[in-house]
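Scope of the values below: all heavy atoms of this structure, side chains included, with no hydrogens, waters or symmetry mates. Start at 1 and go down the list; that is how both ligands and their atoms are numbered. The residues of the chain are indexed from 1 along the displayed sequence.
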Amino acid sequence: MKTDTKLAHAGRDPASFHGFVNPPVVHASTVLFPDVETMRPGGQKFTYARRGNPTTDSLEQAVKELEGAEGVLLANSGLNAVSLAILSCVKSGDHILITDTAYHPTRHFADTVLPKFGVEVDYYDPALGAEIATLFKPNTCAVFTEAPGSLTFDMQDIPAIADAAHKVGAIVLMDNTWATPLFCQPISFGVDLSIQAGTKYIVGHSDAMLGTIAASERAWDELHTLHGAIGSHVAPDDVYLGLRGLRTLSVRLERHQHNTFAVLGWLKDQSRVAQIRYPGFDTDPGHEIWRRDFSGASGLCAFDFAAGTSREQANTFLNALKLFGLGYSWGGFESLAIPVKLKGSRSVTPIDESLCSVRLHIGLEDPEDLINDLNQALDKAFG
Ligand SMILES: *Cc1c(COP(=O)(O)O)cnc(C)c1O
């Protein structure tokens, strides 16, 4: 089955719910058993709502088909998906390598929680590829990748990293939120734990928090055990919003991509704009890897103002925007902008911290209106 067909049909079985197209939103804790014998392990599919119900099952099955995974589990936010995935593959005395361009709260988790449990954390330059092997220690158990990287959109050679990691028996994780399983299929090129902040494009409407973790055969048992032991559970209304968002993911992403190319095509020619950070652009340093490993580009990108632009001018630009909201997160139908704080965001790769950079999420508005909005804001900031 092709992806669009999977999106329409995966994870639902109308015949088992009186023919209704969508599965019910099951509000539950207790599940009843017909007799004591059935209460034994394996006696019936659902045993207690913390372990899943027909609503969570639908979304897990749908994402499993899209990711080509051995199994999928849900988390109550993208960050919760990141932390559960990492916890499932480390133990005291282990060493984990994390990309220097990881989403900042991922670094915060790694720096504050992992050392408390005796897990050693090092960051690596995303440009490394197969040479990441030079950073391996005898106790390296996992490599955490993210592409494109947060804020600076650096690509990395994940198939090469995965090959190197597997040679020493390490698990490979990837935060694949930017591309979603529609534009990138990490498990197909060796990733063991593919993470989505479902809050972004899967939910797609800025109205719920969600995370998904898809596991390869090698990583599934540990993930399943850890997830059950921790007691993570997502409320059924939020799971339903994820399921509902998923049905239109393909058409939304296609339009996000179209609008982003339109807006950036204009933005790159503006005199105050020095650099566009978007691997879909053929001028981007990560473009070749993007073309090889991804089948599309989503709506999140950044640009740097020309040298000499003050933070004050950049702030005037941001404050003047009318259609772009100022706010964290992204992946909804609406356009957003934030100032990028590069200072202190990297520990092993050099970065010009004096750059004035802005992150944009290009939404589903008409790109001509978005361009007009950016244009009037540039006028206000620079005259
Ligand atoms: C937003 C985001 C997350 C975290 O998702 P939340 O649902 O906000 O916790 C993780 N990774 C990336 C790349 C993100 O952009």
Side-chain angles (χ1 to χ4, degrees), residues 59 63 67 72-87 98-113 123 126 144-156 158 173-184 186 191 193-214 230 232-235 237-239 241-242 245-246 249 253 256 260 277-279 286 290 294 297-302 325-332 334-341 345-346 357-363:
L59 183 57
V63 175
E67 297 258 16
V72 168
L73 288 168
L74 306 182
N76 50 39
S77 69
L79 182 58
N80 186 222
V82 166
S83 60
L84 288 173
I86 292 176
L87 287 175
I98 299 180
T99 175
D100 204 24
T101 50
Y103 175 64
H104 197 264
T106 297
R107 288 182 81 107
H108 181 70
F109 168 76
D111 292 341
T112 58
V113 178
Y123 291 92
F144 187 99
T145 69
E146 178 180 329
S150 273
L151 306 180
T152 45
F153 296 85
D154 318 57
M155 293 299 291
Q156 44 186 303
I158 292 176
L173 302 90
M174 177 178 177
D175 185 331
N176 186 37
T177 301
W178 184 83
T180 84
L182 265 58
F183 286 165
C184 176
V191 168
L193 291 165
S194 169
I195 296 157
Q196 275 292 308
T199 308
K200 311 293 168 56
Y201 285 122
I202 291 181
V203 168
H205 295 72
S206 306
D207 52 4
M209 309 285 300
L210 186 71
T212 69
I213 314 160
I230 291 262
S232 186
H233 170 74
V234 190
D237 292 306
D238 291 344
V239 177
L241 289 173
L246 201 64
L249 182 59
L253 274 181
H256 282 292
T260 306
R277 297 178 183 270
Y278 189 63
W290 173 80
F294 290 56
S298 68
L300 196 73
C301 53
L326 302 183
Y328 296 109
S329 203
W330 48 278
E334 82 286 17
S335 290
L336 295 167
I338 55 167
V340 170
K341 191 169 162 268
S345 66
R346 305 284 180 260
S357 191
V358 167
R359 190 186 79 181
L360 298 176
H361 177 249
I362 307 299

For the rings on Trp178 and Tyr201, is their centre-to-centre separation under 6.0 Å? no

Which heavy atom in Ala85 sits nearest to a heavy atom in Ile195, and how many Å separate them? CB-CD1, 3.7 Å

Kindly indicate, with the supporting measurements, whether the criterion side-chain hydrogen bond (donor to acceptor under 3.5 Å, both in side chains) is fulfilled by Ser232 and Asn80. CA-CA 9 Å; Ser232 186; Asn80 186 222; 3.2 Å; yes

Value for CD1 (Ile213) from CD (Glu67), rounded to nearest 0.5 Å, stands at 11.0 Å

Of all the atoms in ligand 1, which lie at a distance below 4.0 Å from a heavy atom belonging to Ala197? 2 (C), 3 (C), 4 (C), 5 (O), 10 (C)

If we count only N and O atoms by modelled type, under 3.5 Å, do the side chains of Thr106 and Glu146 hold a donor and an acceptor together? no

Judging by distance only, is a nitrogen or oxygen of Ser150 under 3.5 angstrom from one on ligand 1? no

Ranked by distance from atom 14 (C) of ligand 1, the top protein heavy atom is Lys200 NZ, 2.8 Å

May I ask you to list the atoms of ligand 1 that are less than 4.0 angstrom from any heavy atom of Thr199? 6 (P), 7 (O)

I'd like the name of whichever of Thr101, Asn176, Asp175, Asn76 reaches closest to atom 12 (C) of ligand 1 through any heavy atom. Asp175

I'd like to check which ligand 1 atoms, numbered from 1 as shown, lie under 4.0 Å from a non-hydrogen atom of Ser77. 7 (O), 9 (O)

Using distance alone, determine whether Trp330 and ligand 1 share an N or O pair under 3.5 Å. yes

Could you identify the single nearest non-hydrogen protein atom to atom 8 (O) of ligand 1 and state the distance to 0.1 Å? Met209 CE, 3.7 Å

Looking at Ser298, is its backbone amide N or carbonyl O close enough to the side chain of Tyr278 to form a donor-acceptor pair, meaning the two atoms are under 3.5 Å apart? yes

Number the atoms of ligand 1 from 1 as they appear, then name those within less than 4.0 Å of a heavy atom of Gly78, with their elements. 4 (C), 5 (O), 6 (P), 7 (O), 9 (O)

Centroid-to-centroid, Phe183 to His256, below 6.0 Å? no

Applying a 4.0 Å heavy-atom criterion (strictly less than), which segment of Leu79 is in contact with ligand 1: side chain, backbone, both, or neither? both

Ligand 1 versus Trp178: contacting region, heavy-atom distance under 4.0 Å: neither

Looking at Tyr123, is Arg346 sitting on its ring face, NZ or CZ under 6.0 Å from the six-membered ring centre and within 45 degrees of the normal? no

